[in-house]
Amino acid sequence: METFGSRLHRAMAERGPLCVGIDPHPALLARWGLSDDLEGLTRFSQTVADALGDRVAVVKPQSAFFERFGSRGLAVLESIIRQLRGAGALVLLDVKRGDIGSTVAAYADAYLDPSSPVHVDAVTASPFLGVGSLAPMFDAARSHGGGVFVLALTSNPEGASVQRARGADGRTVAQTVIDEISQLNEGAQPLGSFGLVVGATIGETGHDLSKVNGPLLAPGLGAQGGRAADLRTVFGDELSAVLPSYSREVLGAGPDPAALRAAADRVLADCRAALTAAGQ
């Protein structure tokens with residue numbers, strides 16, 4: 001069975017280092033001239049999937065914007081996941097789940113077991129009940145060829161008070177998360193299946209990412225203020241595994257599919273140029 005890290009490595013090589021979010025929040029639906037209801041949600045999501053599913057390496061639906069419509073919204077999410085995977089995109093579901101015991105195991109079954117209707121390639125997870133609490137997710141990912149992206153250094157200003165707090169050994173909480181994920185990826189080739197979420201707007205991190213050996217998801221680019229050129233500042237020389245993530249910068253070009261594709265091509269070119277220049 002091929003690992004998620006291997007599939008991601010190949011997808012980034014073939015389609016380029018780009019993740020595009022599907023974030024159908026009310027303001028964006030209105031910008032597209034759509035109603036804030038199930039019909040608007042469906043039309044928005046299908047348009048993005050049709051336009052980008054066969055050309056972007058990773059697509060990242062934000063689960064909350066589907067969940068707010070209840071079971072019918074989740075049915076739309078299930079359909080979009082199938083559509084995206086059928087078009088060859090890897091699907092990273094942005095759920096940021098984190099719990100303990102049987103509950104986190106149930107989350108793992110929901111998102112990482114191929115028998116589930118919301119089975120995806122990878123999920124985002126919160127480690128702040130302890131990285132070890134996510135073990136059922138890591139185990140499910142190993143068993144089914146999935147991936148887990150764990151929050152480490154996020155762009156929101158509130159995050160720093162927790163993520164940069166220091167423990168008894170002098171390491172920050174974020175560095176502890178980084179180190180534990182690095183251990184999970186040790187020896188993996190060509191790329192580990194366990195990634196980190198590191199915001200593209202945080203500047204110089206002061207943290208050591210050199211041993212992660214896994215994907216580094218960089219949200220916050222575009223409308224949230226981050227630029228592709230900022231990736232070198234954030235990640236230093238650890239650029240080969242960086243997966244830049246855009247949402248509104250691309251989605252705002254809709255609803256015209258050609259405009260969505262052009263926006264995705266433009267930001268991908270920016271990312272390629274920044275990552276290539278930084279690696280020279």
Side-chain angles (χ1 to χ4, degrees), residues 5 19 21 23 58 60 62-64 92-100 103-104 107-108 111 122-138 141 147-186 191-248 278:
C19 172
D23 298 352
V58 181
K60 179 171 66 65
Q62 169 48 259
S63 183
L92 167 58
L93 189 60
D94 198 353
V95 289
K96 299 184 179 69
R97 298 295 192 243
D99 215 305
I100 60 172
T103 306
V104 75
Y107 284 136
Y111 304 121
V123 294
T124 56
S126 173
F128 297 113
L129 288 170
V131 175
S133 70
L134 299 175
M137 282 192 181
F138 301 145
V148 181
F149 286 80
V150 178
L151 302 177
L153 290 160
T154 59
S155 296
N156 62 305
E158 303 89 348
S161 63
V162 174
Q163 295 158 14
R164 295 178 183 268
R166 294 189 180 273
D169 63 2
R171 291 183 298 170
T172 66
V173 170
Q175 189 64 59
T176 300
V177 172
I178 292 165
D179 293 346
E180 293 196 35
I181 296 303
S182 300
Q183 291 176 17
L184 296 178
N185 289 324
E186 188 172 356
L191 188 68
S193 296
F194 304 108
L196 296 167
V197 180
V198 179
T201 62
I202 63 174
E204 170 58 49
T205 71
H207 288 68
D208 181 9
L209 296 164
S210 64
K211 298 178 182 178
V212 175
N213 191 34
L216 301 168
L217 183 71
L221 292 160
Q224 292 177 262
R227 301 174 303 133
D230 296 332
L231 296 172
R232 178 59 181 270
T233 302
V234 176
F235 295 100
D237 294 329
E238 308 307 317
L239 293 163
S240 62
V242 173
L243 179 61
S245 181
Y246 288 81
S247 292
R248 283 174 288 174

Mind listing the closest non-hydrogen atom pair of [X] and [Y] along with its distance?
| X | Y | value |
| --- | --- | --- |
| V234 | T205 | O-CG2, 3.5 Å |
| L134 | G98 | CD2-CA, 4.2 Å |
| S247 | G21 | OG-CA, 3.5 Å |
| V104 | S133 | CG1-O, 3.3 Å |
| A174 | A152 | CB-O, 3.4 Å |
| N185 | N213 | O-ND2, 2.8 Å |

Point to revise | E186 CD: over 12 foreign heavy atoms closer than 6.0 Å | key: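 No, the 6.0 Å shell around CD holds no more than 12 heavy atoms from other groups.
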Review point. So with a 6.0 Å cut-off around CD1 of I100, is the heavy-atom count from everything else above 12?
Key: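 At most 12 heavy atoms, drawn from other residues, nucleotides or ligands, come within 6.0 Å of this atom.
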Could you grab the distance from atom [atom1] of [X] to atom [atom2] of [Y], nearest 0.5 Å is fine?
| X | Y | atom1 | atom2 | answer |
| --- | --- | --- | --- | --- |
| T124 | K96 | OG1 | NZ | 5.0 Å |
| T172 | H207 | OG1 | NE2 | 2.5 Å |
| I202 | F235 | CD1 | CZ | 7.0 Å |
| Q175 | Q163 | CD | CD | 12.5 Å |
| L243 | L196 | CG | CG | 12.5 Å |
| L216 | L239 | CG | CG | 9.0 Å |

Taking the side chain as every heavy atom from C-beta outward, state whether [X] and [Y] have any atom pair closer than 4.5 Å.
| X | Y | answer |
| --- | --- | --- |
| L184 | I181 | yes |
| R164 | L153 | yes |
| V148 | F138 | yes |
| V150 | E180 | no |

Practice item. Keeping the roles fixed (side chain from R97, backbone from V95), state whether a donor-acceptor pair exists under 3.5 Å. Key: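 Yes; judged by distance alone, with no hydrogens or angles, the pair exists.
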Check your understanding: With distance as the sole test, does D179 use its side chain to make a donor-acceptor pair with the main-chain N or O of T176 at under 3.5 Å?
Key ->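 Judged by distance alone, no pair lies under 3.5 Å.
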Exercise for review: Please assess D237 against R232 for the test side chain to side chain contact (heavy atoms under 4.5 Å, CB included), listing each intermediate value before the final yes or no.
Suggested key: CA-CA 7 Å; D237 294 329; R232 178 59 181 270; 2.9 Å; yes
**Study point:** Partner residues of Q183 under the side chain to side chain contact (heavy atoms under 4.5 Å, CB included) criterion, sequence neighbours left out
**Key:**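 None.
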